[in-house]
Amino acid sequence: MTSHNPKVSNNESLFDESRKVIPGGVNSPVRAFRSVGGTPLFFQRGQGAYVWDADGKKYTDYVGSWGPMIVGHCHPEVVKAVQDAAAQGLGFGAPTASELELANLLCKLLPSLEMVRLVSSGTEATMSAIRLARGFTGRSRIVKFEGCYHGHSDGLLVKAGSGALTFGQPSSSGVPAEIAALTTVLDYNDAAGLEKAFAVMGNEIAAVIVEVVAGNMNLVTPKREFLEAMRTLCTKHGAVLILDEVMTGFRVGLQGAQGHYGIKPDLVTLGKVMGGGLPAAAFGGRRDIMQCLAPLGAVYQAGTLSGNPVAVAAGLATLKLVQQPGFYERLSQLAKQLTEGLTAAAKKHNIPFCAQSVGGMFGLYFSKALPTSYAEVMSCDKEAFNRFFHAMLDAGVYLAPSAFEAGFVSAAHSDADIAATVAAADKIFSNW
Ligand SMILES: *Cc1c(COP(=O)(O)O)cnc(C)c1O
């Protein structure tokens with residue numbers, strides 16, 4: 001659909017039309033640009049580090065489909081694998097050899113996976129892992145941390161109650177209070193708070209679920225004592241530790257955040273990169289827990305599209321590329337060049353700004369110091385970010401359209417791409 005009025009952008013007319021048939025004009029809320037304001041971009045195509053919007057404008061992409069595009073858009077080997085798989089059949093609802101190959105590869109790359117089950121989205125992975133943890137332990141309560149996102153299932157759309165250890169409250173309309181009450185929401189990076197929670201209700205807790213690097217409240221890195229407390233307390237009280245690596249898996253390194261920080265989970269959830277841009281996700285971990293799943297055990301979980309051969313092919317091709325020697329060294333180096341370049345540019349113009357990266361993901365903050373908690377993330381200057389976001393967008397740089405999302409680089413980004421992005425920011429900061 002193209003606009004005949006040259007003054008109206010195709011993005012705008014597509015958005016107007018979309019709003020008539022899709023709530024908010026989008027199929028996932030953050031895409032609507034509500035946080036930053038303005039009209040969302042409709043993308044036409046992507047190639048390597050770049051995307052083109054509906055008006056044909058080119059952007060250097062630091063969203064990468066929210067992480068999956070770690071080898072860049074339309075990598076020829078991934079496209080070929082998808083085409084070959086599609087030509088063999090789009091799906092069977094029956095086992096295929098490629099699922100076995102992917103399961104074996106995941107278990108080989110992540111030593112904490114003794115068994116794994118494929119699903120189609122991160123939400124499905126976390127929802128299923130929690131049911132499994134409850135079935136395994138015979139307990140109902142789960143613990144999550146404020147600012148961590150684990151998909152949109154009922155028990156995970158929960159915020160803290162009025163006191164630290166009170167029952168969680170729904171953070172979305174439509175989530176029953178009775179379900180939210182089974183979730184305890186604690187502060188991220190607060191080892192003492194977690195210890196207290198276990199002291200009070202340790203025998204009720206089925207699982208603790210956490211993003212090892214929190215990437216859904218901008219980016220917050222974990223404190224060592226927080227990680228250690230989680231592992232020790234879960235073991236001591238018989239709770240299942242679920243590391244939600246939907247974002248960090250194959251993003252911060254080949255062994256995910258668990259390898260990066262050396263923390264051993266009981267269950268792991270994966271998505272994003274492991275699907276190479278198509279809907280593939282997984283959960284897995286200890287054999288004794290995974291054997292509780294149907295058809296072996298009594299915990300029911302299923303999926304018509306689970307292990308879809310086209311999605312599995314995209315995942316396998318992507319995971320083959322990330323295993324190339326030096327892949328993560330270069331990816332980390334690119335992210336570092338970006339965050340260091342932006343930090344230096346802001347400093348030159350006396351703008352309170354900082355940035356950091358872990359592997360191929362990064363956080364940008366309009367604040368004087370790196371945040372270590374949800375509250376500190378929330379106190380960053382959101383208006384400054386929004387101004388920066390739009391100025392960068394004008395300059396042809398696509399950052400996540402929210403101050404509370406992590407950013408991503410891909411192996412397709414070149415040193416020159418990063419340098420151009422830093423130069424664009426420098427120019428914006430000089431007129432700040
Ligand atoms: C994206 C994400 C999810 C949800 O995955 P979907 O595929 O969007 O359902 C869950 N957990 C984390 C940490 C994520 O980043």
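Just follow the structure's listing: the first ligand is 1, and inside any ligand the first atom is 1.
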Between Tyr365 and Phe404, is the ring centroid distance below 6.0 Å?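 No, ring centres 6.0 Å or more apart.
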
Which ligand 1 atoms, with their elements, are less than 4.0 angstrom from a heavy-atom of [X]?
X	value
Gly122	4 (C), 5 (O), 6 (P), 7 (O), 9 (O)
Glu211	13 (C)
Asp244	10 (C), 11 (N), 12 (C), 13 (C)
Ser121	7 (O), 9 (O)

What is the nearest protein non-hydrogen atom to [atom], stated with its residue, atom name and distance?
atom	value
atom 3 (C) of ligand 1	Val246 CG1, 3.7 Å
atom 2 (C) of ligand 1	Lys272 NZ, 2.6 Å
atom 8 (O) of ligand 1	Thr123 OG1, 4.5 Å

Thr126: partners by side chain to side chain contact (heavy atoms under 4.5 Å, CB included), with sequence neighbours left out: His150, Leu156, Ile209, Asp244, Thr269

Within 45° of the six-membered ring axis of Phe15 and under 6.0 Å from that ring's centre, is NZ or CZ of Arg19 located there?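 Yes, Arg19 and Phe15 form such a contact.
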
Could you tell me whether His150 and ligand 1 have an N or O pair separated by under 3.5 Å?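 Among all N and O atoms of His150, none is under 3.5 Å from an N or O of ligand 1.
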
Could you check whether any side-chain heavy atom of Arg251 comes within less than 4.5 Å of a side-chain heavy atom of Leu331, counting everything from C-beta outward? yes

Does some side-chain heavy atom of Ser410 sit less than 4.5 Å from a side-chain heavy atom of His413? yes

Whether Glu17 and Lys20 form a salt bridge (side-chain N of Lys/Arg under 4.0 Å from carboxylate O of Asp/Glu) is what I want to check. yes

Under a 4.0 Å threshold between the charged nitrogen and the carboxylate oxygen, would Asp381 count as salt-bridged to Lys368?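 No, Lys368 and Asp381 are not salt-bridged.
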
Determine whether the side chain, the backbone, both or neither of Thr248 has a heavy atom under 4.0 Å from any heavy atom of ligand 1. neither

